[in-house]
Amino acid sequence: MRSATLELLIHSSSVTTETPISFKKMFAVHLLAFYFTKLKEDQIKKVDRFLYHMRLSDDVLLDVMTRFQAEMVKGLERDAHPTAAVKMLPTFVRSIPDGSEKGDFLALDLGGSKFRVLKVKVSEDGKQNVQMESQFYPTPKEITHGNGTELFDYVADCLADFMETKNIKHKKFPLGFTFSFPCIQTKLDEGVLLSWTKYFKVRGVQETDVISSLRHALRKHKDVDVDVLALVNDTVGTMMTCGYDDQRCEVGVIIGTGTNACYMEEMSNIDLVEGDEGRMCINTEWGAFGDDGSLDDLRTEFDREIDLGSINPGKQLFEKMISGLYLGELVRLILLKMAKKGLLFNGKISTALRTKDKIETKHVAAMEKHKKGLQNTKEILMELGLTPSEEDCIAVQHVCTIVSFRSANLCAAALAAILTRLRENKKLIRLRTTVGIDGTLYKTHPQYPKRLHKVVRRLVPNCDVRFLLSESGSAKGAAMVTAVACRLVSQRKQIDDILASFELSKENLIEVKNKMREELEYGLKKETHATATVKMLPTYVCGTPDGTEKGKFLALDLGGTNFRVLLVKIRSGRRKSVRMYNKIFAIPLEIMQGTGEELFDHIVQCIADFLEYMGIKGARLPLGFTFSFPCRQASIDKGALVEWTKGFKATDCEGEDVVDMLREAIKRRNEFDLDIVAVVNDTVGTMMTCGYEDPNCEIGFIAGTGSNVCYMEEMKNIEIVEGTEGKMCINTEWGGFGDNGCIDSIRTKYDKEVDEGSLNPGKQRYEKMTSGMYLGEIVRQILIDLTNHGLLFRGQISESLRTRGIFETKFLSHIESDQLALLQVRRILQQLGLDSTCDDSIIVKEVCGAVSKRAAQLCGAGLAAIVEKKRENRNLEHLKITVGVDGTLYKLHPHHLGL
Ligand code: BG6
Ligand code: GLC
Ligand code: GLC
C-alpha cells in the first residue's frame with residue numbers, strides 16, 4: 001500500500017503549486033497545507049492500521065502467484081482435475097482470428113452487467129472491416145432468479161424482437177452465444193453449466209447443456225432461423241475481439257461484475273482433450289481460486305461476511321475479493337464496522353449504511369476519482385443519510401483505495417502466473433504478449449487500469465505486456481469464433497456427404513441379398529452358366545472330412561497374402577491329430593505379373609527349398625494345391641484357370657490347367673517328383689479344415705486379399721454336372737458379382753476409381769468393394785478427394801498418398817481398433833508417410849470405418865443369400881449351419897462381420 005499513500009501525497013502537493021506566490025499568503029497556504037496533510041496522514045494511518053490485512057506486499061503477491069501456478073497445473077491434470085478449485089475448462093477455441101473470418105453473424109451476450117443482442121458483419125474487402133449493431137435488454141430479477149425455461153424463452157424472445165426491429169427475420173444466421181458462466185465443453189456448440197455465479201441463480205439449468213436449451217427455446221419462434229454454433233465465455237470473446245486487432249493477443253481478462261481469465265494453452269498440457277498439437281484456449285475460471293481454502297490466510301472478516309450474504313456461499317472466493325459485484329459491498333461493510341467502532345461519522349450509523357448493496361462499485365469509482373473524488377465522497381455519504389466530516393471523507397476515500405487496490409493486486413498476481421506459464425510453455429527468456437481486457441470495473445474505475453498494469457509489470461519483469469481494452473465487448477470475438485465454427489460445419493457436411501455414400505440401408509442390403517440369390521441360380525443353370533457373373537464352379541469335392549483321413553501330405557497355398565508351402569501330418573483314430581509345418585515365401589511382383597513359366601518355376605524352386613529345409617527331398621509325397629483363383633474343374637486334380645484375379649497377371653496361364661503347369665515345372669527342374677492329387681480353392685480348403693472339427697460346416701468364406709465363398713450344393717441343382725445324387729462343393733467366385741452392373745447403384749465414384757486403376761478393370765466388382773486388397777485403395781481415393789477439397793492434410797497431397805497400396809489390410813485394421821488412442825492412429829499414419837494432425841486422424845479413422853463397415857455389410861448380405869438357399873434346399877424352417885472363415889481381413893479386423 002506504500003504506493004497508494006504516495007499517490008495521495010502527490011495530489012495534495014499539487015494544491016500547493018496552484019497557489020499564487022506572495023510571501024504572506026504563501027506562509028498561510030503552507031500552514032494550511034501542513035494542516036491538511038497532517039490531517040490526511042492521520043486519517044490514512046488510521047485506515048491503514050484498520051485494514052492492515054488488506055494491504056498486500058509484493059512478497060505476498062508473489063506467493064499468490066506461485067499458488068495460482070500450482071492451481072493451473074492441478075486443473076489441467078486428468079487425475080487432479082475433478083477436485084481442483086480452478087477448473088481450467090477447455091473451450092475448443094483453437095486459434096486467434098487470422099483475418100480470413102467473414103460473414104454475417106448474430107451474437108448474444110449474457111452474464112455481464114448487461115444483456116445484449118448483436119448483429120456482427122465481418123467483411124474483408126481488401127481491408128478487414130467489422131460492423132456491429134446492437135441492443136440492450138434488461139434482465140429483471142424474475143429472469144435471473146426464475147426457472148430455466150423462462151430464462152431461455154426470454155433470451156429467444158429478445159433475439160426475435162431484435163431481428164424484427166432490424167428487419168432481418170427472413171434470413172438464416174449463424175449465432176455465437178457469449179455466456180459468461182463456467183461451462184464444461186466437449187465441443188464448441190455445447191456447454192454444461194457447472195454452477196451459476198455472480199447474480200444469476202436460475203432453477204433447473206445447472207448441469208444441463210445451455211446450447212440445447214437455447215435451441216429448444218428458439219424452435220418456438222417459427223419465423224426465426226438461426227444456427228447456434230458456438231458457446232463462448234466472455235473472457236474468450238474478449239481475447240478473440242482483441243485478437244482480431246492484435247494477433248499477439250493470447251490472454252483474455254474480465255474485471256467486471258465477475259472476474260475471470262482465459263489464455264492459449266499447449267494441447268499437450270491439456271489432459272482432458274485428446275490430441276497434442278497446437279493450442280487451445282483454456283477458460284481458467286479463476287474466480288473460484290481459493291474455494292478449497294487455499295486463500296483463507298488472506299481473506300478478512302469482511303470477505304467472509306460478503307461470502308455468507310451471497311447467493312453462492314463458499315464459492316467464487318477469489319472473485320468475491322475482486323470483482324465489481326462485491327467491491328461496493330466490501331466498502332460498506334468496512335465503513336459500517338469502522339462507524340460502529342467510533343472511527344467514522346462520530347459513531348453514527350444511518351439505515352442506508354446498514355442496508356446491503358447500498359454502496360456499489362460505481363460509487364467506489366466516483367469516490368476515487370482524481371480531483372473530484374473527495375467532493376463525490378461527501379455527496380455519496382450524504383446520500384446514505386450520513387453527515388461526514390472532512391476527515392471522514394478522507395478516511396472513506398482511503399478505504400475505497402485499499403479495497404480497489406487489493407482487487408487490482410490480486411488480479412495482477414493471477415495474471416502474472418498466467419503470463420509466466422505462457423513464457424515457460426514457449427521456453428522464452430522474455431515474453432512479448434498482449435492481454436485483451438474488459439469489464440465495467442476495469443473500464444470505469446479511474447485508477448484501476450494503471451495500477452493493474454504497474455503491478456503486473458513489477459511481478460513479471462521478464463514479460464513485455466500490452467494491455468488492450470476490448471472496445472466492442474466480447475460479441476465481436478464470439479462472431480470470430482462462430483465464423484470458424486461455420487467453416488468447420490460446412491467442412492463437416494462435405495465429409496458426411498462423402499461418407500454417406502458408403503452407408504447402406506436395410507433395403508439396400510436386402511436388394512443385394514436378392515440379387516446375389518438370382519445370380520447364384522443363373523450360375524447353376526445350364527443355359528445361363530456360361531455367361532453368369534457368379535461362376536458357380538463345381539469343385540468335385542463331394543463330402544466334408546469324416547475324421548478318418550490320415551497320412552503325410554504336402555500342400556501349396558498360392559493366392560492369398562502369403563505364398564506358403566506346408567507339410568501336413570494327419571493321424572486318425574483315438575490319437576487323432578493334425579500337425580503342420582510351413583514356410584512362407586515371397587513372390588516378387590515381377591513374377592506375379594511376368595510369364596506363366598517363370599511363375600511356376602519360382603513355385604517349384606520354393607518347394608525345393610522347403611523339402612531341403614525339412615530334410616525330405618527324396619520322398620514322393622501326395623500334394624494338394626490350394627490355388628485361390630477361379631478354376632474350371634473336370635475332376636479333383638484338374639483345374640483350368642478361368643482368369644487371374646487380385647494381384648496376379650502372369651501370361652499364358654488363363655485357360656490352361658494349373659496342375660499341368662505345375663507338373664511341367666517340376667519336370668523342367670528334374671530334381672524331385674510329386675504326386676499332385678488335388679487342386680482346391682482356398683474357400684474349399686477353409687471349409688474342409690473347419691469341417692474336420694465341425695461336421696455342420698458346409699460353407700467356406702474367405703475375407704482376405706480377395707473375397708469368395710463356397711458351399712455344399714445338392715447335385716440335382718448343379719445342372720452342368722452329371723448326376724443327381726448327393727452333394728458337391730460349389731466355388732461360387734462371388735467376387736464377380738455385379739460385373740453385369742447389377743449393383744452399380746451402390747457403387748461410389750471411389751469404387752470406380754479403384755476399379756479403373758486395378759489389373760482387371762470392370763471385373764470382380766463385389767470383391768473390390770469387400771476385400772483387403774481394395775479397401776485400402778478405396779480409403780486412399782477418398783483421402784485424396786478430401787485433401788483436394790482442402791478437408792485433410794492441409795490440402796497437400798503427399799507423395800505417399802499418391803502411392804498405390806500404402807494402406808495394407810493390417811494398417812486399416814489397426815487404425816480402426818477401438819483401443820487405439822488418436823495419437824497412435826496418428827503415429828500409424830506418420831509411419832505411412834502421412835503427416836497428419838489429430839483432426840486429420842479422426843477423419844481418416846472415420847473413413848476407414850465407413851469403408852470397412854460397408855464391406856462387412858455387403859459380405860453379410862451375400863452370405864445371407866447362400867444360407868437362405870441352403871435352408872430352402874433342405875425345406876427347413878430353421879437352418880443350423882457353420883461357416884468356416886479365414887482371411888487376413890476377417891482375422892485382423894476388429895469389427896468385420898459384426899453383423
Ligand atoms: C463485456 C462483455 O464487454 O464485458 C460481456 O461483452 C462481459 O460479455 C462483460 O460479461 C464483463 O463486464 P461486466 O462488467 O459487464 O460484467
Ligand atoms: C464469473 C463467471 C465467469 C465469467 C466471469 C466474468 O466469474 O464464472 O465465467 O467469465 O464471471 O464475467
Ligand atoms: C479371389 C479369387 C477366389 C479366391 C478369393 C479369396 O476372389 O478369385 O478364387 O477364393 O480371391 O482368396
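We count ligands from 1, going down the list as the structure has it; atoms in each ligand are counted the same way. This chain uses plain numbering: 1 for the first residue, then up along the sequence.
The shortest heavy-atom distance from Ser628 to ligand 3 is under 4.0 Å. Ligand 3 has Ser707 within reach: a non-hydrogen atom of the residue lies less than 4.0 Å from it. Within the structure, ligand 3 has Pro630 among the residues with a heavy atom less than 4.0 angstrom away. Residue Asn681 places a heavy atom under 4.0 Å from ligand 3.
Residue Thr259 touches ligand 2 through its backbone alone, judged by heavy-atom distances below 4.0 Å. In Ser771, neither the side chain nor the backbone holds a heavy atom less than 4.0 Å from any atom of ligand 3.
Within ligand 2, the atoms closer than 4.0 Å to a non-hydrogen atom of Thr197 are 1 (C), 2 (C), 8 (O), numbered from 1 in the order shown. Contact atoms of ligand 3 toward Thr645: 1 (C), 2 (C), 8 (O) (distance under 4.0 Å to a heavy atom of the residue). Distances below 4.0 Å separate heavy atoms of Gln316 from the following atoms of ligand 2: 7 (O), 8 (O). The Glu285 neighbourhood of ligand 2 comprises atoms 2 (C), 3 (C), 8 (O), 9 (O), with distances under 4.0 Å to a heavy atom of that residue. For ligand 3, the atoms sitting less than 4.0 Å from at least one non-hydrogen atom of Ile702 are 6 (C), 12 (O), numbered in the order shown with element in parentheses.
In terms of polar-atom proximity, Glu767 is counted as a contact of ligand 3, with an N or O under 3.5 Å from an N or O of the ligand. Taking distance alone, with nitrogen or oxygen atoms compared against 3.5 Å, Asn283 stays at or beyond that limit from ligand 2. Backbone and side-chain nitrogen or oxygen atoms of Asp234 are examined, and one is located within less than 3.5 angstrom of a nitrogen or oxygen of ligand 2.
Atom OH of Tyr522 sits in a sparse spot, with 12 or fewer heavy atoms from other residues, nucleotides or ligands closer than 6.0 Å.
The aromatic rings of Phe585 and Phe563 are tilted relative to each other, their planes meeting at an angle between 30° and 60°. Using the six-membered ring where Trp is involved, His445 and Tyr448 have ring planes that are perpendicular, over 60° apart on the 30 and 60° scheme. Ring orientation note: the planes of Trp286 and Phe318 are nearly perpendicular, at an angle over 60° on the 30°/60° scale.
Note on Asp109 versus Lys114: no salt bridge recorded, every NZ/NE/NH1/NH2 to OD/OE distance being 4.0 Å or above. Checked for salt-bridge contact, Lys763 and Asp739 miss the test: no charged N lies under 4.0 Å from a carboxylate O. Salt-bridge annotation for Glu643 and Lys535: present, with a side-chain N of the basic residue lying under 4.0 Å from a carboxylate O of the acidic one. A salt bridge does not link Asp751 with Arg765: none of the charged nitrogens is closer than 4.0 Å to a carboxylate oxygen.
In this model, no donor atom of one side chain and acceptor atom of the other lie less than 3.5 Å apart for Lys315 and Thr197.
Regarding atom 6 (C) of ligand 3, its nearest protein heavy-atom neighbour is Asp682 OD2, 3.2 Å. Nearest protein neighbour of atom 11 (O) of ligand 3, counting heavy atoms only, is Lys646 NZ, 3.0 Å.
The closest donor-acceptor contact from the side chain of Thr91 to the backbone of Cys281 lies under 3.5 Å.
The nearest non-hydrogen atom to atom 3 (C) of ligand 3, considering only Lys763, Glu733, Lys535, comes from Glu733.
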